[in-house]
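What you are looking at is a predicted structure, and each value in this text was computed from that prediction instead of being measured.
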Amino acid sequence: METRLIAATSEGIAEAAGVLRAGGLVAMPTETVYGLAGDARDDRAVARIYAAKNRPSFNPLIVHLPDIEAVGRYAVLTPEARALAVAFWPGPLTMVLPLREGAGLSPLVTAGLPTVAVRVPAHPVARELLQSAGLPVAAPSANPSGRVSPTRAAHVMAGLAGRIEAVLDGGACAVGVESTILGLDGPPALLRPGGVTVEAIEAVLGGPLVLPGDPAQPKAPGQLASHYAPQARVRLNATEALPGEVLVGFGAVAGDLSLSESGDLVEAAARLFHLLREADARAGPGGAIAFAPVPGTGLGRAINDRLRRAAAPRP
Ligand code: TXA
Ligand code: MG
């Protein structure tokens with residue numbers, strides 16, 4: 001199959017919507033990372049998403065919808081979910097909610113769970129595509145399973161060309177790390193740190209989230225230790241490069257590359273996955289990458305989560 005690279009004009013978006021309606025797969029830009037989109041009601045389209053990514057099929061997918069009204073057709077919105085939707089949608093927040101009976105989603109999307117993960121993305125191209133396609137869109141990050149998430153159309157092409165119908169090119173993603181995932185089928189729990197900070201969510205909820213490591217924390221499926229893995233080995237909390245290492249700096253730690261010379265976490269998140277790829281290319285086969293320490297507050301929580309997984313022992 002030849003993968004078409006489509007410019008994100010109105011005609012291009014309409015063409016991509018047609019591919020989705022016909023059961024095809026399109027990589028779409030979102031404000032977090034590029035997603036591999038398919039019709040969430042169509043077993044065959046969803047099965048092809050898993051196949052294209054080589055993703056273990058027990059790991060469920062996020063359903064992307066144009067607005068909260070559409071979300072209500074597939075998920076049961078709790079009062080907390082409504083408050084969070086008002087505060088953060090459209091935007092980089094995913095909520096895991098009870099699945100609505102008879103919602104018509106492919107059971108492959110939820111991996112058979114009684115819950116569904118839903119998100120209303122903010123990227124104007126994603127919004128227009130969702131409106132125009134008029135169907136619920138299942139979309140994991142558009143990378144081969146276990147690899148670095150794509151924040152540019154060229155990253156998607158590098159990983160998935162020949163396996164999907166099209167890539168809609170909307171430029172570089174502004175947030176750069178995936179959405180924050182909250183479990184809301186019980187006490188609000190952080191399942192994955194991401195583009196909306198824990199501090200901002202706790203301010204809306206008026207109380208603390210259940211955090212990973214807490215005994216009350218539900219197990220999120222598919223949160224594997226090793227993820228976002230480049231080819232090179234990765235070492236964390238480095239203040240200087242060992243011989244042969246490519247050092248990615250932050251703030252005062254200057255490197256061969258820098259997440260943010262001014263120590264800005266928003267800039268660091270936006271650059272993270274691109275720099276992981278860039279450092280990997282510079283390190284070369286059998287090479288090594290070192291990352292400077294990044295503070296753990298705000299977006300730093302998501303950045304450190306991704307870095308720990310990139311550095312984890314590989315299966
Ligand atoms: O920013 C994002 O969230 C991007 C863009 C494309 O929207 N998508 C994304 O999808 O990161 P993915 O598939 O790479 O990550 C989805 C995560 C997985 O870790 C999965 O286990 C979790 O969401 N998830 C999905 N449904 C769930 C459910 N019902 N319960 C718990 N976790 C769920
Ligand atoms: Mg992913």
Looking only at atom types and distance, does a side-chain atom of [X] sit under 3.5 Å from a main-chain N or O of [Y], one as donor and one as acceptor?
X	Y	value
N304	V294	yes
R55	P60	yes
S260	F250	no
R192	S179	yes
Y34	C173	no
R271	S258	yes
D169	A7	no
D256	L247	yes
E245	L242	yes
E31	V175	no

Can [Y] be reached from [X] by stepping across I, L, V, M, F, W or Y side chains whose heavy atoms are under 4.5 Å apart?
X	Y	result
L265	L275	yes
V198	L184	yes
F88	L130	no
V76	L99	no
V33	I181	no

How close do [X] and [Y] get, heavy atom to heavy atom, and via which atoms?
X	Y	value
T3	G162	OG1-N, 2.8 Å
V196	P92	CG2-O, 3.5 Å
A153	L5	CB-CD1, 4.1 Å
N237	P293	OD1-CB, 3.5 Å
P29	A126	O-CB, 3.4 Å
I164	V156	CD1-CG1, 4.3 Å

What residue among E178, R119, R127 forms side-chain hydrogen bond (donor to acceptor under 3.5 Å, both in side chains) with T30?
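Single pass found, and it is R119.
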Approximate separation, where rounding is to 0.5 Å, of [X] [atom1] and [Y] [atom2]:
X	Y	atom1	atom2	result
K53	R48	NZ	CZ	14.5 Å
L129	H64	CG	NE2	11.0 Å
L276	L307	CG	CG	6.5 Å
L65	Q131	CG	CD	10.5 Å
L84	M95	CG	CE	5.0 Å
D280	R233	CG	CZ	12.0 Å

Who are the side chain to side chain contact (heavy atoms under 4.5 Å, CB included) partners of E128, not counting sequence neighbours?
S10, I13
With a 4.5 Å cut-off on side-chain heavy atoms, are [Y] and [X] touching?
X	Y	result
V26	I6	no
P230	I289	yes
M28	V137	yes
T110	V116	yes
R21	D39	no
L190	P212	yes
V63	V109	yes
L105	P136	yes

Go through the side-chain N and O atoms of [X] and [Y] and say whether any donor and acceptor fall under 3.5 Å apart.
X	Y	answer
N143	S141	yes
E199	T297	no
N54	S145	no

side-chain contact (heavy atoms from CB on, under 4.5 Å) between L182 and V96, intermediate numbers included:
CA-CA 6 Å; L182 290 187; V96 174; over 6 Å; no
State which residues pass ring-ring contact (aromatic ring centres under 6.0 Å, His included) with Y228; sequence neighbours excluded, sorted by chain then number.
F273
Run the ring-ring contact (aromatic ring centres under 6.0 Å, His included) test against H155 and tell me which residues pass, sequence neighbours left out.
H274
Candidate pair Y50 and L61, rule side-chain contact (heavy atoms from CB on, under 4.5 Å), full reasoning
CA-CA 9 Å; Y50 283 107; L61 306 177; 3.8 Å; yes
Could you go step by step and tell me if R4 and V167 meet the side-chain contact (heavy atoms from CB on, under 4.5 Å) rule?
CA-CA 6 Å; R4 272 174 290 154; V167 178; over 6 Å; no
Does the pair D305/R301 count as a salt bridge with the N-to-O cut at 4.0 Å?
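R301 and D305: not salt-bridged.
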Return yes when atom CZ of R100 has more than 12 non-hydrogen atoms of other residues, nucleotides or ligands closer than 6.0 Å, and no otherwise.
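Yes - once you tally the heavy atoms of other residues, nucleotides and ligands closer than 6.0 Å, there are more than 12.
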Is it the case that more than 12 heavy atoms not belonging to E202 sit under 6.0 Å from its CD atom?
yes
Using the side-chain hydrogen bond (donor to acceptor under 3.5 Å, both in side chains) rule, take T115 and D185 through it: C-alpha gap first, then chi angles, then the decisive distance, then the call.
CA-CA 8 Å; T115 53; D185 50 329; 5.0 Å; no
In this structure, which one of L20, V19, L36 forms a side-chain contact (heavy atoms from CB on, under 4.5 Å) with L25?
L36
Evaluation steps, side-chain contact (heavy atoms from CB on, under 4.5 Å), between L257 and R282:
CA-CA 10 Å; L257 301 162; R282 290 198 191 186; 3.3 Å; yes
